[in-house]
Every structure is written in structure tokens, then in C-alpha cells.
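Lettering follows sequence order; numbering is per chain, from 1.
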Amino acid sequence: MNHTFLILPLLLLFISTSCDDNQHIRHYRIEKENAPEISIQQTSVASDINWTSPSNWISSTGSSMRIGSFTVPYSNGEGDLSVIKLGGTAGGLAPNINRWRGQLNLEPNTEEDIQKYIQMGESPMGSFQWLTILNSENDKTAFIASIFQTHTHTIFVKLSASQPGISELEKEFLNFCKSFRMDASK
Amino acid sequence: MTMFFKKLSDPKIFVYTIMWMMTLVFIGTIAQREMGLYYAQQKYFSNWLAWLGPIPTPGGRLTMLVMLINMAAMLYKSTLWQWKKIGILIVHLGAMLLLIGGGITAWFSFEGNMVLDEGEQSNFIVNSQQSELAFINTTQSAFDDVISMPEKILTDGNLLTSPDLPFSVEIIQFYSNAKPIRRSQPNNDSYHGLAKNFLLMPMDNEKESEMNRSGVLFKISETHSDADGIYSLFLGQSIPQTLFVNGQNFNLVLRRERIYLPFAIELLDFKRVLHPGTTIPKSFSSEVNLIDNEIPRRVMIQMNEPLRHAGYTFFQASFSQSEGGEISILAVVKNYGRLFPYISSLIMSLGLLIHLLLQMPKLFVPKVTKKV
């Protein structure tokens, strides 16, 4: 009795199933998706201030003045974010903004001019002011910064990146600032 | 040839393969404590060879193939094809069917997770064990074209091209688990985006394979522009790398492998019931809309009551909490070999019953003992 026919299909079955479908480049068309949601992770610092930062931000070591420091990736590079806490008014709003403007080779502005373009945001720690500083002649470096004024301290949050990077990261930066809160346990 | 089949159908082969499978199960069970369930399964059962240190031994896949061939060769024996052995033959075929079902499950089935916020809708599942390098052409305003390269082909040195991509991609290195480390100074101009300022440092795989953060370093060429160069991506990089080539915009992203479904699921409500006075969940359930051909159907998925639709099975696996509300995590399985164990068990039971019935008359025939 010849039963070879029983063995051959089995061998063929296994040979054919060896062709793994998941080893090829796939192409498919989908409806437009919303921008990916940024997952948030809790970050605590050795300070009385807490915040939540996006999970793709990478903690970095900055100068000793920084109470927080992050490397912030974006599509074509990475930015540097610093959180600095200084006593009192830290010299005032205009001198600090003009110092940043000077770093981008921009002329200083008067307090009145600054008030025209500076914007307000809200966080559990209170309201903050924020602004972007761009030099149209140099798109390689730009700043987005926020300033929190408490009864005893001024907190500066500054992100430095290219101009396209600042545009891309603005929403993330503002969400980060909106998460600032005081840690009552410290 | 007959001699060959005689050797191949030797019942000893079956005995040895069964014993070796038992050994593998024992070793795999011990190993999973150290290396985690997924990697132990991959190493000992899903591979052709299982390496015990430097020694190659037959893996689960090879062992079961040998077992199947041996059983198939046994069918060649004419002694099996007798009416009085019809029960044994049926049992034999049932066992073979079981092994074939195992093969089909191993090769064609897949599983993943669907993660849904309350009110959210999704038509894809993610494979938490595998990554994919996706090039998403976002040029059109109505849709995106996705060209995805599964992890299995992201092997070092592999050159990948597609008629849908206006450039070629050469994988320099793929890391199953890596950590981005900032370079002390930016790399040269051939490096772009993240790769310019970061390097990916390979790390040991986590015991929980889902915790691995894979990374890939690759070279893009033939764009005939400044975009040619070396790029890197890592899993969880929420902002994709972008590329502009020949008037087309591409998002480059390394993400968990996605499998798109021909229908969508919308999470209406997630409910969690706790044991009274404790924080221990008693049960959790997801009320969902199953949207197929734009027709919604309301279904409840709860523990031990999965949703089965179009070959997919949705189990209530877990849940999580987000800022916006509760998140339901559904385990999704598509198993083409799902019915094989049931069918083969029935066949084997039938075979054993027939064999018992055929042998029953012998029980009533008195044994004749020879007097010396």
C-alpha cells in the first residue's frame, strides 16, 4: 500500500508555512492621524517645586544653578531646557529678558515694549509669563521662556533650540510650565 | 526507500522526542525565572535550535517537526491499516492534527493589545513584543501612506528598498534595548537629527520584554539631497523625525508594530468593581461599540466573556488611569489554529473509544493457559 501521498502534503505544508509573512516591507494607507499624544511622566526634583515632563525629555546635568535640566528632542535636533530658581525678583523682568535678547544679538526692549508681547499662563503654582525670542537673521538659535514670580523667589524656565524646534516644542513647553506646583512636603 | 521510511517511522523516535520535549519544558520553566516568559518561549520553544550554553540542541519547533514526520512515516506501515487497528489509526491522525494546529498557531497567529481611553476609537492593535520602523508619507491632506519595516528585517547591514520610498534605507544597527546618551560634542554633518547629538547605548534586555526600549541606527541614501545621512530613532520618541524628499514629507518613527483591523472599536465606558472595603478589583468590564462597515453594535467585554469578531478575540486584560479618565487594555488574539486542539481531542477520544470497543470482546474470552 503506497502512502507517500500522506507524507508529501505534510512536508509541503511545513515548507510553505516557513515563509513568514512578517518578513516583508508592508505598505498601507490610513486616514490622517492626530499628532501622537505625548506620554507624561512624573518628575520630582530636589526642591520644593514639582512638575510633570514628557517622557521623551531626557534629564541632563546642567550648571549647579539649575534645579532642573532637560535635553528636549524634536524632529531635527534637540533643545536644552533649564529651570533656575533665584531669590526675590532676580533683577526684574526687563533686565532678564534683555539679557536673553542680547544672547541672540537683539536690541534691548523697554519694559513697556515687553508687556505688549509677553503672554500669561496658569499653573497650580500660580500664573506665569511667557514669551518667545527669535532673531529673524539667525534661525539656528531661539528661546522660549517663562517666568514664575512667587512671594520669595523667581523661577526661570528657558528652552533653547532652533527656530523650527521652538515652534514644534511650544505646546510641550507650555504644558510643562502649566504643570508647575509647590510640593508642600518639602 | 522502504528502509528509509522504516527508520523514519521507528517508534523510538517518537519516544525520544516526547522525552526531549519534557526536558525542554523543564528547562524553559526554570529559565523563565531568570530571563522572563517571552524570551524563554522564544529561546526554547519557538526556535529550531535551543542553545544550552555553547551546545546547540533541538528547539521546540524542530522537535515537534521531527515528531510529526515520524508520525506521518508511521502511516506508511501497512500493519496500521487494518480494521482491528482503526481506533489506533484515528488516534494517530488526531495527534498529527494537533501538531499541525500547533504549527499553524506558531506561524500564522498573532496577538497584541488595544489601548483605549474612554470615548476613544481605534482600528489597530499593537504588538508589545515587536517594533517596526515606519516611514509615514504625510504629503496628502486626506490620508497617510505608511511603509513599515518589521523588526525581523531590521538586521544589521540589511539594505531595504521599496517602490513607495524615494530613498533606500540601510540598517546600521538595531538594538532590542537601548538608552539615548548625549554626545560630548555634536557628530559630523553626515549625522542628522537625534543621531547628531545622541548615541544609542545598547543595554541588556529587560526581564519584562515590554519594558525594552528598542533603538535603530540607519542610513538613508539616494535622496539626492542633503537629507542623505545617518539617522537614529528610539521607541517612545514621541516627536517623529521628519524628512522632506522630492516634494514629499515623511515622518520617521520607530514604534510598536501595528496591525490594522478591518473594523474599529470605540470604548464607551470602563467599569471597575472592587471587593467591598478593599482596593482589590473584583471585576472590570468595557462597554464598547464595535463599528464594522460604519454600523455600530454595542458589546460588553468582561473577564471570561471576550468579544469574538472576524476571527479576532478581544479579552479584557487590564486597565490604567490617565489624566482624562480610565484606560481599558484589551488583549487581542487572532489564532487560525484555535479550533485544532478541540477537533483533534474529539478525534482522539473517538479513536480511543473505537479501539476500546474493538478490543472489548477479548475481555470476555477466557485466557487459555497451557498446562506443562
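- Within a 6.0 Å radius of CD in B/Gln82, more than 12 heavy atoms belonging to other residues, nucleotides or ligands are found.
- Annotation: side chain of B/Phe143 is in contact with side chain of A/Arg29 (closest heavy-atom distance under 4.5 Å).
- Within a 6.0 Å radius of NZ in B/Lys179, other residues, nucleotides and ligands contribute 12 heavy atoms or fewer.
- Contacts with chain A were tallied for B/Asn123, B/Thr138, B/Leu160; B/Thr138 has the most, counting heavy-atom pairs under 4.5 Å.
- Both the backbone and the side chain of B/Asp145 have a heavy atom closer than 4.5 Å to some heavy atom of chain A.
- Taking B/Arg255 as the reference, B/Glu132 meet the salt bridge (Lys or Arg N to Asp or Glu O under 4.0 Å) condition, with sequence neighbours excluded.
- For CD of A/Glu112, the number of neighbouring non-hydrogen atoms (other residues, nucleotides, ligands) closer than 6.0 Å is 12 at most.
- B/Gln42 CD: more than 12 foreign heavy atoms inside a 6.0 Å radius.
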Side chain to side chain contact (heavy atoms under 4.5 Å, CB included) between B/Arg258 and A/Arg26, worked out: CA-CA 11 Å; B/Arg258 286 186 181 188; A/Arg26 289 177 295 175; over 6 Å; no

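- Looking at B/Ser141, only its backbone comes within 4.5 Å of chain A, counting heavy atoms on both sides.
- Note: B/Ile147 CD1 to A/Ile25 CD1 = 9.0 Å, rounded to the nearest 0.5 Å.
- Considering only residues two or more places apart in sequence or on other chains, A/Arg101 meets the salt bridge (Lys or Arg N to Asp or Glu O under 4.0 Å) condition with none of them.
- Contact of the A/Glu31 side chain with the B/Asp144 side chain is not registered, since no non-hydrogen atoms from C-beta on lie closer than 4.5 Å.
- Taking NE2 from A/His27 and CG from B/Asn137, the interatomic distance works out to 7.5 Å, rounded to the nearest 0.5 Å.
- Side-chain N or O atoms of B/Lys152 include none that pairs as donor or acceptor with a backbone N or O of A/His24 at under 3.5 Å.
- Only the side chain of B/Tyr260 comes within contact range of chain A, judged by heavy atoms closer than 4.5 Å.
- The contact between B/Phe124 and chain A is made entirely by side chain atoms (from C-beta outward), counting heavy-atom distances below 4.5 Å.
- Only the side chain of B/Phe198 comes within contact range of chain A, judged by heavy atoms closer than 4.5 Å.
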